Amino acid sequence: MEYKLTYNKYTEALKEGKFLGLKCNQCGAYTVPPKKVCMECSSEDMEVVELSGKGKLQTFTVLRVPPEGFEAPYIVAMVETKEGPWVTGNLVGVDPDKATMNLMGREVKVGAKAVPGDKFSGGDMMALTFSLVG
Amino acid sequence: MANLREVAVVGIGHTKFGNLDKTNIELFSEAAMDAINESNLKPKDIQALYFGNVLGTHEEGQLGMAAFAAADIGIPYIPTTRIEGICASATVAIREAFIWVASGFYDIVLAGGTEKATVMGTSYATRTFMMGSDSRYECPAGITFPGVFAMMTYLYSKKYGIPLDVLKDQMHAVPIKNHANGKLNPKAHLQSSIRDIMEKQKAKAKEKGKPVPTWNNEMDFLHDLSANMMVAEPLQLYDCCPFSDGAAALVIVPLEIAKKLTDKPVIIAGVGQCSAGPIHNQKDISRVISREFSAKQAYDMAGLTPQDIDVCELHDCFSIAEIVATEGLGFFDFGKGAEAVAKGETKIGGKIAINPSGGLKSKGHPIGATGASQAYEIAKQLRGECGPRQVEGAKVGMTDTLGGDLCTVANIIFKRGW
Ligand SMILES: [Zn+2]
């Protein structure tokens, strides 16, 4: 069966402000970032859906020593989406020098930003962004 | 499981680790020939090579390194296989060699690994190491290995209710212990204690006529952000292992043959290996599920439990990584590993000796070689050859090697075969 939500489709949607995922017709679980099969029950019977973009920040770090091509400081975070899956991205709109563990558990809204590619990345990339809500 | 033959390590080799002026192949050949010579064998006796190397393409522009490595020790016409399991590559290679010998397919196999990471420099090395993360769905955020373990640290602190400042002091006990051990290991990359490093920096300041820092002890030094810079909050420089060069290798044969070659064959009693997906799949990374599955396989195969392990070389790529590993391997309860290291329970002579070699932190972390280096140390420990860092009476030892964002873990349990 053809790959339902490819990286290209997923990132093209992010560029248009849509956060897509997959909903399993067998068990009802959501999968994002996309995979060939449902993360919970490994069924291929899934449909592409737009996700709420709501989530809770679970953990984070302030990167001070970046890899080539990135400029520090910046915040990397993991967010548990309202639909269940966790996603990794950048927390934006928060001063890295003021980031503390109090961020953990905060509600966030998922967005995305373009990241210039390098000679290894096979083109430009899209990173998820998280903005604090309330 | 199929009927497997008993398998043992008969010879081991290990280069100095550090910032070295030799090629990947030169390093591997030194370790390999030491292992073959110690086995009382000749290169032509080797039937296959399982070879760990991760970033040879970026370090030296070299693919197919396993074939060239075999040719360098005079056996170009054998099957060679490069194993890439990120930082766990060499343990995956040893497990592979074990399986082929245990199954009876081969009798005499060489396994090990080599890496030459320092040539890349920090910025490029950080980029190439990041290739071990999910390139589509995580790398665009600029995630790094220190970043992953930093996120693990916050999760650990919150989950177990250990205030961050308390946890960080417990974490500082990891480099203090591992550097103290590594000081006793002539092959270590950073062969000095944290106190040595601190005193050296004081002396340097004095020599240059600069104000001499007023650190009273290692904790003072480690608390000082100007001495111990922030890498990925809350991880600082001394929470992180270095980029290193080096190689290690072992010769693996059936026990029956081993007994003819050496008085002290080191039996491979159990092996385990498990993958995991990217960290977003793993979710709460304060526990490493791949390790829990891998270790269980190794314990079950060996018929042993965590209480039976006298000495363990485990994957302390970061201070928190050692703490979490001591829990995942079953040496301490979940949430108790940080307290255990702070209380000295993992020192040589403690409840269980963890990383007597100095670990990745002090001995160094040439990623393609690390698992073989851990196996080398355990073999030396079981043979009673470790001098001042000897764990007295060690009979059973274990290695634990972790690759990437916790996405590959492999474990091996060794015991005395005499
Ligand atoms: Zn499902």
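Labels below follow one simple rule: chain letters A, B, ... track the order of the sequence lines, proteins then strands, and each chain is numbered from 1. Both backbone and side-chain heavy atoms feed into the values below; hydrogens, waters and symmetry mates do not. Note that this is a predicted model, so its numbers are computed, not measured.
A donor-acceptor contact closer than 3.5 angstrom is absent between the side chains of B:D245 and B:H189. For B:E59 and B:N24, the side-chain atoms include at least one donor-acceptor pair closer than 3.5 Å. For the residue pair B:H280 and A:T88, no side-chain donor N or O sits within less than 3.5 Å of a side-chain acceptor on the partner. In summary, the side chains of B:N178 and B:E322 do present a donor paired with an acceptor at a separation below 3.5 Å, with no hydrogens or angles considered.
Of the charged side-chain nitrogens involved, at least one lies within less than 4.0 Å of a carboxylate oxygen, so that B:E292 and B:R287 count as a salt-bridged pair. Taking 4.0 Å as the cut-off between side-chain N and carboxylate O, A:D95 and A:K98 count as a salt-bridged pair. Between A:K36 and A:E44 a salt bridge is recorded (basic side-chain N to carboxylate O distance below 4.0 Å).
Annotation: residues 147-161 of chain B contacts chain A through B:G147, B:A150, B:M151, B:Y154, B:L155, B:S157, B:K158 [non-hydrogen atoms, separation under 4.5 Å]. Contacts from residues 6-14 of chain A to chain B, taken as heavy-atom pairs separated by less than 4.5 Å, involve A:T6, A:Y7, A:Y10 in sequence order.
Aromatic ring centroids of A:F60 and A:F130 lie 6.0 Å or more apart. Taking the ring centroids of A:F120 and B:H58, they lie under the 6.0 Å cut-off.
Put simply, the side chain of B:N228 reaches to within 4.5 Å of the side chain of B:H172, judged on heavy atoms. Proximity of B:F145 to B:C317: side-chain heavy atoms (C-beta onward) are nowhere separated by under 4.5 Å. Taking 4.5 Å as the limit, every side-chain heavy atom of A:K113 sits out of range of all side-chain heavy atoms of A:M126. The side-chain heavy atoms of A:V79 and A:K56, taken from C-beta on, include no pair separated by under 4.5 Å.
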(message) I'd like to know whether B:N53 forms a side-chain hydrogen bond (donor to acceptor under 3.5 Å, both in side chains) with B:T114, so could you lay out the CA-CA distance, the side-chain angles of the two residues, the decisive distance to 0.1 Å, and finally the verdict.
(response) CA-CA 6 Å; B:N53 175 259; B:T114 185; 5.5 Å; no

(request) Please step through side-chain contact (heavy atoms from CB on, under 4.5 Å) for the pair B:K168 and B:Q236, ending with a clear verdict. (result) CA-CA 10 Å; B:K168 285 223 38 188; B:Q236 295 168 258; 2.5 Å; yes

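For A:V76, the parts lying near chain B are the backbone and the side chain together; criterion is any non-hydrogen pair under 4.5 Å. For a residue to count as touching a neighbouring chain, one of its non-hydrogen atoms must lie under 4.5 Å from one of that chain's; by this rule A:A114 does not touch chain B. Only the backbone of A:A77 comes within less than 4.5 Å of a heavy atom of chain B; no side-chain atom from C-beta onward does. In this structure, no portion of A:D124 lies under 4.5 Å from any heavy atom of chain B. The parts of B:M230 that come within reach of chain A are both its backbone and its side chain, each placing non-hydrogen atoms under 4.5 angstrom from that chain. In this structure, chain B has heavy atoms under 4.5 Å from both the backbone and the side chain of A:P34. Residue contact with chain B, scored on non-hydrogen atoms closer than 4.5 Å, involves the side chain of A:K35 exclusively. In this structure, no portion of B:L235 lies under 4.5 Å from any heavy atom of chain A. If you measure heavy-atom distances from A:V87 to chain B, the contacts under 4.5 Å come from the backbone alone. Only the side chain of A:M101 comes within contact range of chain B, with at least one heavy atom under 4.5 Å from a heavy atom of that chain.
Residues that satisfy the side-chain contact (heavy atoms from CB on, under 4.5 Å) test with B:V166, not counting sequence neighbours, are B:I162, B:P163, B:Q170.
By number of non-hydrogen pairs under 4.5 angstrom with chain B, the leading residue of A:L63, A:T61, A:D118 is A:T61. Note: B:N281 leads B:T122, B:D134, B:N281 in heavy-atom pairs under 4.5 Å with chain A. Comparing A:V115, A:V65, A:I75, A:L128 by heavy-atom pairs within less than 4.5 Å of chain B, the highest count is held by A:V65. Heavy-atom pairs under 4.5 Å with chain A peak, among B:M131, B:E233, B:Q282, at B:E233. Of the listed residues B:E138, B:M130, B:K283, B:R136, the one with more heavy-atom pairs under 4.5 angstrom with chain A than any other is B:K283. The candidate with the highest count of non-hydrogen atom pairs below 4.5 Å against chain A, out of B:T126, B:V231, B:I285, B:D284, is B:V231. By number of non-hydrogen pairs under 4.5 angstrom with chain B, the leading residue of A:G117, A:S121, A:P116 is A:S121.
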When the side chains of residues 24-33 of chain A are checked against the rest of the protein, which donor-acceptor pairs come out under 3.5 Å, sequence neighbours left out?
unit_1 : atom_1 : unit_2 : atom_2 : d
A:N25  : ND2    : A:D45  : OD1    : 2.8
A:Q26  : NE2    : A:D45  : OD2    : 2.7
A:T31  : OG1    : A:M39  : N      : 2.9

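We find the OG1-CG distance between A:T129 and A:N90 to be 8.0 Å, quoted to the nearest 0.5 Å.
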